[in-house]
Amino acid sequence: AIILFASSGISAQLLVENFDYTIGTVLTTTATADPVTGWASHSGNGTANIDVTNGLSFSGYAGNDIAGAANLDNNGQDINRTFTAQTSGTVYTAFIIKTDPSNSQGYFLNLEKFAITTAFVSRVWVNATGNGVSVTNTSTAPTNWLTITAGTPTLLVLKHNFSTHKTDLFVLNSFSATEPATAGITIDETLTEIGSVALRQYATAQRIIVDGLRVGTTWAEAVAPASGTPKVATPSFSP
(Lines give C-alpha, C1' and ligand atoms only; values in the text may rest on other atoms or scores of the structure.)
Protein backbone atom coordinates (compact mmCIF):
# COMPACT_ATOMS: atom_id res chain seq x y z
CA ALA A 1 0.00 0.00 0.00
CA ILE A 2 2.89 2.31 0.75
CA ILE A 3 4.39 1.73 -2.68
CA LEU A 4 1.12 2.48 -4.44
CA PHE A 5 0.64 5.69 -2.48
CA ALA A 6 4.15 6.92 -3.19
CA SER A 7 3.89 6.31 -6.93
CA SER A 8 0.46 7.90 -7.29
CA GLY A 9 1.82 11.45 -6.97
CA ILE A 10 4.75 11.14 -9.35
CA SER A 11 2.86 12.27 -12.45
CA ALA A 12 0.84 15.03 -10.81
CA GLN A 13 0.37 18.20 -12.82
CA LEU A 14 1.77 21.30 -11.15
CA LEU A 15 -1.17 23.43 -12.26
CA VAL A 16 -4.44 22.87 -14.11
CA GLU A 17 -6.57 25.95 -14.86
CA ASN A 18 -9.63 25.50 -17.06
CA PHE A 19 -11.26 28.79 -15.93
CA ASP A 20 -14.31 26.86 -14.77
CA TYR A 21 -16.16 29.90 -13.48
CA THR A 22 -19.31 31.76 -14.51
CA ILE A 23 -18.86 33.91 -17.60
CA GLY A 24 -18.08 37.45 -16.49
CA THR A 25 -16.44 36.36 -13.22
CA VAL A 26 -13.43 38.51 -12.27
CA LEU A 27 -10.52 36.18 -11.48
CA THR A 28 -9.23 38.29 -8.59
CA THR A 29 -9.55 41.74 -7.04
CA THR A 30 -6.72 41.49 -4.51
CA ALA A 31 -2.96 41.12 -4.29
CA THR A 32 -3.43 37.91 -2.32
CA ALA A 33 -4.67 34.67 -3.82
CA ASP A 34 -8.42 34.66 -4.39
CA PRO A 35 -9.94 31.89 -2.21
CA VAL A 36 -11.98 30.54 -5.13
CA THR A 37 -9.75 30.97 -8.19
CA GLY A 38 -6.25 31.07 -6.67
CA TRP A 39 -5.27 34.06 -8.85
CA ALA A 40 -3.66 37.19 -7.35
CA SER A 41 -3.11 40.64 -8.84
CA HIS A 42 0.44 42.01 -8.98
CA SER A 43 -0.17 45.14 -11.08
CA GLY A 44 -2.98 47.48 -12.09
CA ASN A 45 -5.56 46.03 -9.73
CA GLY A 46 -8.95 47.71 -10.09
CA THR A 47 -8.36 48.76 -13.71
CA ALA A 48 -9.99 46.47 -16.28
CA ASN A 49 -9.75 43.46 -13.98
CA ILE A 50 -9.35 40.23 -15.97
CA ASP A 51 -12.60 38.32 -16.30
CA VAL A 52 -13.90 35.06 -17.75
CA THR A 53 -15.23 34.70 -21.27
CA ASN A 54 -16.33 31.73 -23.39
CA GLY A 55 -13.83 28.87 -23.53
CA LEU A 56 -11.77 27.69 -26.48
CA SER A 57 -11.68 24.38 -28.33
CA PHE A 58 -8.56 22.51 -29.46
CA SER A 59 -9.36 18.92 -30.35
CA GLY A 60 -7.28 16.27 -28.56
CA TYR A 61 -5.79 18.61 -25.97
CA ALA A 62 -6.37 17.81 -22.30
CA GLY A 63 -7.65 21.36 -21.71
CA ASN A 64 -10.03 21.34 -24.69
CA ASP A 65 -13.35 23.19 -24.35
CA ILE A 66 -13.90 22.42 -20.66
CA ALA A 67 -15.23 25.69 -19.29
CA GLY A 68 -14.47 29.40 -19.71
CA ALA A 69 -11.29 31.32 -20.60
CA ALA A 70 -9.37 34.42 -19.50
CA ASN A 71 -10.14 37.57 -21.48
CA LEU A 72 -7.13 39.89 -21.94
CA ASP A 73 -8.60 42.90 -23.69
CA ASN A 74 -7.46 46.10 -22.04
CA ASN A 75 -4.63 48.02 -20.41
CA GLY A 76 -4.95 47.27 -16.73
CA GLN A 77 -4.74 44.47 -14.23
CA ASP A 78 -2.04 41.77 -14.42
CA ILE A 79 -2.49 38.57 -12.43
CA ASN A 80 -0.55 35.46 -11.43
CA ARG A 81 -1.14 32.00 -10.07
CA THR A 82 1.46 29.99 -8.18
CA PHE A 83 2.37 26.31 -8.06
CA THR A 84 5.03 24.19 -6.36
CA ALA A 85 8.31 25.89 -7.25
CA GLN A 86 10.68 23.97 -9.56
CA THR A 87 14.43 24.45 -9.51
CA SER A 88 15.65 21.53 -11.62
CA GLY A 89 14.54 19.24 -14.42
CA THR A 90 12.11 20.49 -17.04
CA VAL A 91 8.94 22.60 -16.80
CA TYR A 92 6.27 22.58 -19.51
CA THR A 93 3.56 25.24 -19.70
CA ALA A 94 0.75 24.64 -22.20
CA PHE A 95 -2.24 26.82 -23.07
CA ILE A 96 -4.67 27.64 -25.89
CA ILE A 97 -4.82 31.16 -27.29
CA LYS A 98 -7.05 32.97 -29.73
CA THR A 99 -6.21 36.41 -31.10
CA ASP A 100 -7.93 38.99 -33.32
CA PRO A 101 -6.54 40.45 -36.57
CA SER A 102 -6.84 43.86 -34.93
CA ASN A 103 -4.50 43.60 -31.96
CA SER A 104 -1.63 45.34 -30.19
CA GLN A 105 1.91 44.00 -29.97
CA GLY A 106 3.11 42.98 -26.55
CA TYR A 107 3.73 40.05 -24.24
CA PHE A 108 0.65 38.65 -22.53
CA LEU A 109 1.96 35.68 -20.52
CA ASN A 110 5.16 35.01 -18.62
CA LEU A 111 6.68 32.78 -15.98
CA GLU A 112 8.17 33.85 -12.66
CA LYS A 113 9.37 32.66 -9.27
CA PHE A 114 6.84 31.52 -6.67
CA ALA A 115 7.17 34.87 -4.88
CA ILE A 116 6.52 37.07 -7.89
CA THR A 117 8.76 40.09 -8.46
CA THR A 118 9.51 41.85 -11.75
CA ALA A 119 12.09 39.34 -12.98
CA PHE A 120 9.74 38.04 -15.64
CA VAL A 121 11.00 35.26 -17.89
CA SER A 122 9.67 33.26 -20.84
CA ARG A 123 7.58 36.20 -22.04
CA VAL A 124 5.13 35.09 -24.75
CA TRP A 125 4.31 37.78 -27.32
CA VAL A 126 1.67 38.38 -29.95
CA ASN A 127 2.12 40.82 -32.84
CA ALA A 128 -0.11 43.72 -33.85
CA THR A 129 -2.01 41.70 -36.49
CA GLY A 130 -2.63 38.70 -34.25
CA ASN A 131 -0.95 36.27 -36.63
CA GLY A 132 2.44 35.89 -34.97
CA VAL A 133 3.74 34.75 -31.58
CA SER A 134 7.21 34.71 -30.06
CA VAL A 135 9.09 34.36 -26.77
CA THR A 136 11.82 36.50 -25.18
CA ASN A 137 13.71 36.70 -21.91
CA THR A 138 13.43 40.52 -21.68
CA SER A 139 10.88 43.25 -22.40
CA THR A 140 12.57 44.00 -25.73
CA ALA A 141 10.27 43.15 -28.62
CA PRO A 142 11.23 40.04 -30.62
CA THR A 143 12.40 40.11 -34.22
CA ASN A 144 11.45 36.51 -35.01
CA TRP A 145 7.83 35.40 -35.10
CA LEU A 146 6.03 32.07 -35.51
CA THR A 147 2.95 32.23 -37.70
CA ILE A 148 -0.51 31.52 -36.31
CA THR A 149 -3.98 32.20 -37.70
CA ALA A 150 -5.82 35.09 -36.06
CA GLY A 151 -9.26 34.05 -34.85
CA THR A 152 -8.33 30.35 -34.69
CA PRO A 153 -7.51 28.62 -31.38
CA THR A 154 -3.85 27.57 -31.28
CA LEU A 155 -1.97 25.49 -28.72
CA LEU A 156 1.28 26.95 -27.39
CA VAL A 157 3.75 25.05 -25.22
CA LEU A 158 6.72 26.52 -23.35
CA LYS A 159 9.48 24.14 -22.25
CA HIS A 160 12.24 25.24 -19.89
CA ASN A 161 15.20 22.97 -19.24
CA PHE A 162 17.11 23.95 -16.09
CA SER A 163 20.15 21.90 -17.14
CA THR A 164 20.65 23.58 -20.53
CA HIS A 165 19.18 26.95 -19.46
CA LYS A 166 17.08 27.05 -22.63
CA THR A 167 13.38 27.77 -23.19
CA ASP A 168 11.56 26.39 -26.24
CA LEU A 169 8.31 27.63 -27.74
CA PHE A 170 6.19 25.12 -29.67
CA VAL A 171 3.21 26.20 -31.79
CA LEU A 172 0.68 23.46 -32.56
CA ASN A 173 -2.10 23.84 -35.10
CA SER A 174 -3.19 20.24 -34.43
CA PHE A 175 -2.79 18.05 -31.39
CA SER A 176 0.35 15.99 -30.78
CA ALA A 177 0.54 13.49 -27.91
CA THR A 178 4.33 13.47 -28.24
CA GLU A 179 6.78 16.34 -28.10
CA PRO A 180 7.88 17.58 -31.55
CA ALA A 181 11.54 16.97 -32.35
CA THR A 182 12.18 20.66 -33.04
CA ALA A 183 10.87 23.78 -31.33
CA GLY A 184 9.74 26.85 -33.26
CA ILE A 185 11.93 29.20 -31.22
CA THR A 186 14.60 28.52 -28.60
CA ILE A 187 16.05 31.19 -26.30
CA ASP A 188 18.68 31.22 -23.57
CA GLU A 189 17.53 31.97 -20.04
CA THR A 190 19.27 31.77 -16.67
CA LEU A 191 16.56 30.71 -14.25
CA THR A 192 16.92 29.45 -10.71
CA GLU A 193 13.22 28.85 -10.04
CA ILE A 194 9.83 28.67 -11.76
CA GLY A 195 6.82 28.82 -9.44
CA SER A 196 4.16 31.02 -11.04
CA VAL A 197 2.52 31.91 -14.34
CA ALA A 198 1.24 35.43 -15.06
CA LEU A 199 -1.30 36.95 -17.45
CA ARG A 200 -0.63 40.52 -18.59
CA GLN A 201 -2.78 43.33 -20.00
CA TYR A 202 -0.74 46.03 -21.71
CA ALA A 203 -2.95 47.90 -24.23
CA THR A 204 -6.57 48.85 -24.79
CA ALA A 205 -6.32 47.36 -28.28
CA GLN A 206 -5.09 43.91 -27.26
CA ARG A 207 -7.48 41.05 -28.02
CA ILE A 208 -6.18 37.78 -26.59
CA ILE A 209 -8.08 34.88 -25.02
CA VAL A 210 -6.19 32.28 -22.96
CA ASP A 211 -7.64 28.89 -21.98
CA GLY A 212 -6.65 25.42 -20.83
CA LEU A 213 -3.57 26.45 -18.86
CA ARG A 214 -1.56 23.42 -17.70
CA VAL A 215 1.89 23.14 -16.11
CA GLY A 216 3.84 19.90 -15.64
CA THR A 217 7.30 18.40 -15.65
CA THR A 218 6.75 16.31 -18.81
CA TRP A 219 4.99 16.84 -22.15
CA ALA A 220 2.43 14.23 -21.11
CA GLU A 221 1.60 16.01 -17.86
CA ALA A 222 1.10 19.39 -19.52
CA VAL A 223 -0.36 18.41 -22.88
CA ALA A 224 -1.67 14.85 -22.84
CA PRO A 225 -2.12 13.35 -19.38
CA ALA A 226 -2.77 9.63 -19.13
CA SER A 227 -6.39 8.49 -19.35
CA GLY A 228 -8.40 8.40 -16.16
CA THR A 229 -8.62 10.92 -13.36
CA PRO A 230 -5.41 12.97 -13.20
CA LYS A 231 -3.66 13.40 -9.90
CA VAL A 232 -3.60 17.18 -9.54
CA ALA A 233 -1.14 18.76 -7.15
CA THR A 234 -2.59 20.95 -4.43
CA PRO A 235 -1.89 24.55 -5.45
CA SER A 236 0.31 26.71 -3.26
CA PHE A 237 -0.79 30.33 -2.90
CA SER A 238 1.58 33.15 -2.04
CA PRO A 239 0.67 34.98 1.17
Side-chain angles (χ1 to χ4, degrees), residues 15 17 19 27 39 42-44 48 50 53 56 58 61 63 69-81 91-113 116-161 165-173 180 182-191 194 196-215 222-223:
L15 175 65
E17 176 58 275
F19 301 100
L27 290 173
W39 289 91
H42 58 269
S43 179
I50 296 174
T53 188
L56 301 176
F58 193 91
Y61 177 51
N71 191 25
L72 312 181
D73 65 347
N74 214 320
N75 182 18
Q77 185 193 51
D78 304 331
I79 63 177
N80 70 88
R81 189 166 169 188
V91 177
Y92 291 81
T93 305
F95 52 97
I96 313 170
I97 67 162
K98 187 175 80 168
T99 65
D100 278 1
S102 176
N103 217 302
S104 179
Q105 180 172 295
Y107 71 91
F108 62 92
L109 180 145
N110 62 269
L111 303 180
E112 241 276 32
K113 294 181 178 180
I116 197 163
T117 61
T118 57
F120 304 142
V121 294
S122 301
R123 307 179 200 222
V124 182
W125 295 67
V126 65
N127 65 8
T129 50
N131 63 355
V133 292
S134 191
V135 61
T136 67
N137 58 9
T138 70
S139 58
T140 301
T143 56
N144 54 336
W145 298 90
L146 300 178
T147 300
I148 64 171
T149 301
T152 299
T154 303
L155 181 62
L156 303 186
V157 183
L158 288 169
K159 172 189 176 182
H160 180 72
N161 187 319
H165 303 293
K166 293 185 181 297
T167 296
D168 298 324
L169 174 62
F170 299 89
V171 173
L172 281 74
N173 295 311
T182 305
I185 295 175
T186 298
I187 62 173
D188 293 318
E189 294 193 282
T190 303
L191 309 183
I194 297 176
S196 63
V197 59
L199 299 176
R200 177 176 181 251
Q201 295 192 117
Y202 54 86
T204 56
Q206 78 180 92
R207 297 291 181 269
I208 306 164
I209 297 174
V210 176
D211 194 9
L213 179 60
R214 307 175 70 88
V215 183
V223 178

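Sequential numbering from 1 along the given sequence is applied to the chain's residues.
The distance from the CZ atom of F58 to the CG atom of L56 is 11.0 Å, given to the nearest 0.5 Å. For the atom pair CD1 (I187) and CG (N137), the distance works out to 5.0 Å, reported to the nearest 0.5 Å. Atom CG of L27 and atom CZ of F19 lie 6.0 Å apart (nearest 0.5 Å). Rounding to the nearest 0.5 angstrom, the gap separating the OG atom in S43 from the CD1 atom in I79 is 11.5 Å.
S134 places a side-chain heavy atom less than 4.5 Å from the side chain of I185. Side-chain contact check for V121 versus E112: every heavy-atom pair is 4.5 Å or farther apart. Within the 4.5 Å cutoff, side-chain heavy atoms of V210 are placed close to those of L199. With contacts defined as side-chain heavy-atom distances shorter than 4.5 Å, the pair L213/T93 qualifies.
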Less than 3.5 Å apart, which donor and acceptor atoms pair up between the side chains of residues 98-110 and the rest of the protein, not counting sequence neighbours?
unit_1	atom_1	unit_2	atom_2	d
T99	OG1	G130	O	2.5
N103	OD1	R207	N	3.3
N103	ND2	D100	O	3.4
N103	ND2	R207	O	3.1
Y107	OH	R123	NH1	3.0

Please tabulate, one pair per line, all N/O donor-acceptor pairs under 3.5 Å involving side-chain atoms of residues 141-159, not counting sequence neighbours.
unit_1	atom_1	unit_2	atom_2	d
T154	OG1	T152	O	3.2
K159	NZ	E179	OE2	2.8

Begin from the C-alpha positions of N80 and V197 and carry the test side-chain contact (heavy atoms from CB on, under 4.5 Å) through to its verdict.
CA-CA 6 Å; N80 70 88; V197 59; over 6 Å; no
Quick one, F95 with D211, criterion side-chain contact (heavy atoms from CB on, under 4.5 Å). Give me CA distance, side-chain angles, the key distance, then yes/no.
CA-CA 6 Å; F95 52 97; D211 194 9; over 6 Å; no
Worked check of side-chain contact (heavy atoms from CB on, under 4.5 Å) between H165 and L191:
CA-CA 7 Å; H165 303 293; L191 309 183; over 6 Å; no
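Between the side chains of H42 and D78, no donor-acceptor pair is found at a separation under 3.5 Å. Of the N and O atoms on the side chains of D168 and T186, at least one donor lies less than 3.5 Å from an acceptor on the other residue. Between the side chains of T167 and E189, at least one donor-acceptor pair of N or O atoms lies under 3.5 Å.
Salt-bridge check for R214 with E17: failed, with every basic side-chain N at 4.0 Å or more from each acidic carboxylate O.
With Q201 as the partner, the side-chain contact (heavy atoms from CB on, under 4.5 Å) test is satisfied by one option alone out of I50, I208, N75: I50.
Taking every heavy atom of both residues into account, T140 and W125 meet most closely at O-CZ2, 3.6 Å. When all heavy atoms of V223 and Y61 are compared, the closest pair comes out as O-CD1, 3.5 Å. A198 and I116 get closest at one heavy-atom pair: CB-CD1, 4.3 Å.
The closest donor-acceptor contact from the side chain of Y92 to the backbone of H160 lies at 3.5 Å or more, if one exists at all.
With sequence neighbours left out, Q77 forms a side chain to side chain donor-acceptor pair (under 3.5 Å) with N45, N49.
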